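Down below is the structure, laid out as C-alpha cells.
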There are 2 protein chains.
Amino acid sequence: MQQRGDTTIQDIADHARVSKSTVSRVLNKSSSVNEDKRTAVLKAMQTLGFEPNLAARSLAGGRSMTLGVLTQNIGSPFYDALAQGVIRGLAGTGYSPLFVDGQWQQSTETESIRTLIGRRVDGLLLIGGDVPVDQLNKLRERLPTIVVARELVGWENHCIHVDNVQAGYVATKHLISHGHERIALLRGIKEHPDATQRFEGYVKALKEAGIDFDSDLIYQGDFSGQSGVMAVNSLISRGVHFTAIFAANDMVAFGARLALSRHGLRVPEDISLVGFDDQAEAAFATPPLTTMKQPAVEMGEAAAQAMVKLIHNEQYELACSPVELQIRESVARLR
Amino acid sequence: MQQRGDTTIQDIADHARVSKSTVSRVLNKSSSVNEDKRTAVLKAMQTLGFEPNLAARSLAGGRSMTLGVLTQNIGSPFYDALAQGVIRGLAGTGYSPLFVDGQWQQSTETESIRTLIGRRVDGLLLIGGDVPVDQLNKLRERLPTIVVARELVGWENHCIHVDNVQAGYVATKHLISHGHERIALLRGIKEHPDATQRFEGYVKALKEAGIDFDSDLIYQGDFSGQSGVMAVNSLISRGVHFTAIFAANDMVAFGARLALSRHGLRVPEDISLVGFDDQAEAAFATPPLTTMKQPAVEMGEAAAQAMVKLIHNEQYELACSPVELQIRESVARLR
DNA sequence: GACTAACCTGAAACCGGTTTCATTGCAAGT
DNA sequence: ACTTGCAATGAAACCGGTTTCAGGTTAGTC
C-alpha cells in the first residue's frame with residue numbers, strides 16, 4: 001500500500017547521499033555502516049516508502065525467499081489443514097509459500113515441481129504425493145527438501161509423518177476393547193500408503209487379540225463419503241455380519257453412518273463407528289464421531305519452521321507427531 | 001527436475017549458435033525467427049534442460065507471472081473451495097497464485113498486501129476481507145485487482161459475489177412453502193456482510209408471506225459448529241417456539257442438528273433445517289442436509305480466469321453466480 | 001613518525017533474462 | 001538500376017538489487 005511501488009534502492013541512495021552499496025548493506029545488515037549514514041538511509045526509506053523488489057533481490061542474491069509447497073487436492077480436509085499449518089509456520093519469517101497442486105498424479109507432480117524450480121524457490125515442502133523416492137533423492141541434492149505426511153527411508157529428519165500402523169492399531173484395539181470382533185475395515189485408495197499402513201495396524205490388533213482375520217470385512221474404496229455408503233451397502237447386501245466399522249477417514253465414516261441409518265441401523269447402539277482425521281465436522285456429527293486425531297496443522301507448522309532452519313543451516317528436530325484417539329460417542333460396548 | 005537448474009539462456013544461445021536475443025524471441029514468440037534457428041534453439045533447450053529463471057524474467061520484463069491471492073482462514077470450507085477454484089482456473093496459464101492470509105483482520109490484510117506488492121505480483125485477487133473500499137480504490141489504480149465474495153459499489157466487473165439477499169430469501173421461502181412460520185435464524189458474525197444480507201432476505205421472505213418478524217427467533221452467533229449448538233440451546237432454554245431453522249452455514253447447521261438431537265428433537269420430523277454452502281459433508285449428514293449451494297470453486301475459477309484476461313487487457317465477463325437451493329432431506333412439511 | 005590492521009565506502013561487475021536499436025540481406029516497386 | 005520496405009538477427013542497454021574489489025580513513029603499535 002501507500003506510495004508508488006517504483007522507489008528503488010538508487011532513489012534511496014540519492015536521497016540519503018550515499019551509494020547503492022551502502023543502502024544494500026543497511027538493508028541486509030551484511031556489514032557495518034556508520035551510524036549517521038545508516039539513520040539517513042533509514043529515514044530516506046521511511047519517507048520514500050521503499051519496498052525492495054524481490055525479483056531483483058532473488059536474481060542478484062540467489063535466494064527468492066519463497067518456499068515451494070506441493071499439496072494434493074485429494075479433498076481430504078487433512079491436506080487443507082497441513083497447508084494452513086505451513087502458512088502459519090512461515091508467518092513472520094520473511095518467507096512466503098508458493099502452493100502448487102500435484103493432484104496425486106505423478107506426472108502433474110513432476111510438472112509442478114518443475115514450475116517451482118523455475119521460480120527458484122529456496123526450499124521444497126512436499127506434502128504427500130507419489131513422486132518416486134529416487135527422483136526425490138536427486139531433488140534433495142539440489143534443494144533443501146522436506147517431505148510431509150509420507151514416510152521415506154533414508155530421509156530421517158527430512159520427513160514428518162504420523163505412525164499410521166500404530167494409529168490403525170489403536171483404533172482397532174479401541175473397538176476390540178468394547179467387545180467387537182466383527183470389525184469392518186473401510187480401506188482408502190488401494191495404492192495409498194496411509195491406507196495400507198492403517199490396514200497393517202488393523203491386522204496386528206486383530207491378531208494380538210486372537211481374532212481371525214476375515215477378508216469379507218475389508219472393503220476396498222477411496223476417501224470419499226460416497227465410498228462409505230457404498231461400503232455399507234456392499235457389506236449388507238453381501239450378508240456380511242459386522243458390529244463395528246473402522247473407516248478410512250471421517251468423510252468415509254459420515255457416508256457409512258448415513259448408509260447405516262438408511263438400513264435402520266443405529267450408531268452406536270447397533271454398529272460402532274471410528275473415523276480418522278478428526279476434521280471439524282466430526283465433533284458435530286450425530287452422534288459425535290470417535291476418531292483418530294491427526295495433528296495436521298501442527299505438522300504443517302513444524303515442517304515449515306524446520307524448513308526455514310534447514311535453509312539457514314541451523315539445527316532442528318523433526319519429530320513424528322502422535323495420532324491420538326479422540327473418544328466421542330460413536331462407539332458402544334457390544335452387548 | 002532433471003539437469004542442474006543453472007542452464008541459462010546464454011548456454012542455449014551458444015549451443016544453438018545464435019544470440020541471447022534470438023533465444024528470447026523463440027521463448028516468447030515475440031517476433032519472428034527463421035525456422036531453422038528456431039528448431040536449433042528448441043533442440044538446445046531440449047538437450048540442455050532449460051527452465052527460464054523467473055526472477056530474471058520478472059526483473060527484466062516487469063511482470064512476475066504471479067498473482068497475489070489474499071484469503072481468509074475463517075475456517076469455512078467456502079474459502080478453501082474458492083482457493084481451490086483459483087488454483088484450477090490458473091492451471092496452464094503460466095501464472096502461479098501466491099496465497100497470503102488476511103485472517104479477517106484489517107491490519108493483517110494490509111500487511112499481507114504489502115508483501116504481495118513487494119513481490120511485484122501482476123494482479124491481486126482479494127477473497128472476502130475487510131479492507132476499506134477507499135484503500136482498495138487506490139490499490140486498483142496501481143494493480144489489476146479483482147474482489148471475490150464481496151460486493152463493492154463502483155467495482156462492477158471487478159468483483160464476483162453471490163446475491164446473499166436473494167439466497168436468504170430463497171432459503172426462507174423454501175421453509176415457508178413447507179408451512180413453517182416460526183423460523184429461527186442463526187446469524188453469522190455480526191459485522192459480516194454475508195450474514196447481514198442473508199438476514200435481509202429472510203426478512204423479505206417473511207414480510208412477503210405476511211408472517212410477523214419475531215426477534216426472539218434471531219440468534220446472533222458466528223460461523224462455527226459450536227455456535228449452532230449454542231443457538232439451539234439458547235432457543236430452547238428461552239422457551240422460544242420454532243419449527244424450522246435457517247443456519248448461517250452448514251457447519252452451524254451441523255451443530256444445531258446435534259443440539260436438537262440432544263434435546264430429543266428429530267430432523268426433519270420435529271424441526272426442519274436449512275444450511276448454507278453445500279459443503280461436501282452436507283450430502284452425508286443424517287439426514288442429508290438441504291442447503292444453499294454456493295458455486296465456490298466455480299467462482300474462484302472464474303475470478304482467476306478473468307484476472308488473466310484483465311492483465312492482458314482482454315475482454316471478459318464476471319457474472320454473479322446464482323446460489324441454488326439444494327434440496328435433500330432435512331426439511332419436511334409442517335403438520 | 002612510519003607501518004599495519006580494521007573499518008567504511010563507492011565503483012563496478014554480475015545475476016539472467018527482455019527490449020531497443022542498428023545492421024544486413026533480400027525481394028518488391030518504379 | 002535505385003530506392004524502399006520488411007524480415008531476421010546480434011549488440012548493447014537495462015531491470016534493481018548483491019557482492020567483490022580496491023581505495024581512503026582512522027586508530028593502534030613500536
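Here the structure is a predicted model, which is why all the values come from computation and not from measurement. Every chain is numbered from 1 and lettered A, B, ... according to where its sequence line falls, protein lines coming before strand lines.
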Can I get a per-line list of side-chain donor-acceptor pairs under 3.5 Å for residues 84-96 of chain A, giving both atom names and the distance, sequence neighbours left out?
{"unit_1": "A:Thr93", "atom_1": "OG1", "unit_2": "A:Leu90", "atom_2": "O", "d": "2.6"}
{"unit_1": "A:Thr93", "atom_1": "OG1", "unit_2": "A:Tyr95", "atom_2": "N", "d": "3.2"}
{"unit_1": "A:Ser96", "atom_1": "OG", "unit_2": "B:Arg119", "atom_2": "NE", "d": "3.1"}
{"unit_1": "A:Ser96", "atom_1": "OG", "unit_2": "B:Arg119", "atom_2": "NH2", "d": "3.2"}

Show the atom names and distances, to 0.1 Å, of all donor-acceptor pairs under 3.5 Å that link a side chain in residues 35-43 of chain A to residues at least two apart or in another chain.
{"unit_1": "A:Thr39", "atom_1": "OG1", "unit_2": "A:Glu35", "atom_2": "O", "d": "3.3"}
{"unit_1": "A:Thr39", "atom_1": "OG1", "unit_2": "A:Asp36", "atom_2": "O", "d": "2.8"}

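Looking at A:Ser64, its side chain does come within 3.5 Å of a backbone N or O of A:Arg120 through a donor-acceptor pair. Checked by atom type and distance alone, the side chain of A:Asp222 never pairs as donor or acceptor with a backbone atom of A:Ile189 at under 3.5 Å. For the pair B:Glu151 (side chain) and B:His161 (backbone), a donor-acceptor distance under 3.5 Å is absent. No donor-acceptor pair closer than 3.5 Å links the side chain of B:Ser24 to the backbone N or O of B:Lys20.
For A:Thr22 and C:dG10, the shortest distance from a side-chain N or O to OP1 or OP2 is below 4.0 Å. Listed pair B:Asn34 / D:dA7 fails the phosphate criterion, with no side-chain N or O lying under 4.0 Å from OP1 or OP2.
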Inset, instruction - If a protein heavy atom is under 4.0 Å from the base, mark B; if only from the sugar-phosphate, S; if neither, -; do that for nucleotides 17-22 of chain D going 5' to 3'. - result: BBBB--
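One can place NZ of A:Lys37 at 13 Å from C1' of C:dC7, the figure rounded to the nearest angstrom. Put simply, CG on B:Asp11 is 9 Å from P on C:dG16, counting in whole angstrom units. The distance between atom CG of B:Asp14 and atom C1' of D:dG10, rounded to the nearest whole Å, is 13 Å.
Computed from C1' positions of five pairs at each end, the angle between the two local axes of the helix from C:dG1-D:dC30 to C:dT30-D:dA1 equals 40°, rounded to 10 degrees.
B:Lys138 pairs by the side chain to side chain contact (heavy atoms under 4.5 Å, CB included) definition with nothing, not counting sequence neighbours. Applying the side chain to side chain contact (heavy atoms under 4.5 Å, CB included) rule to B:Gln315 yields no partners; only residues at least two apart in sequence or on another chain are considered.
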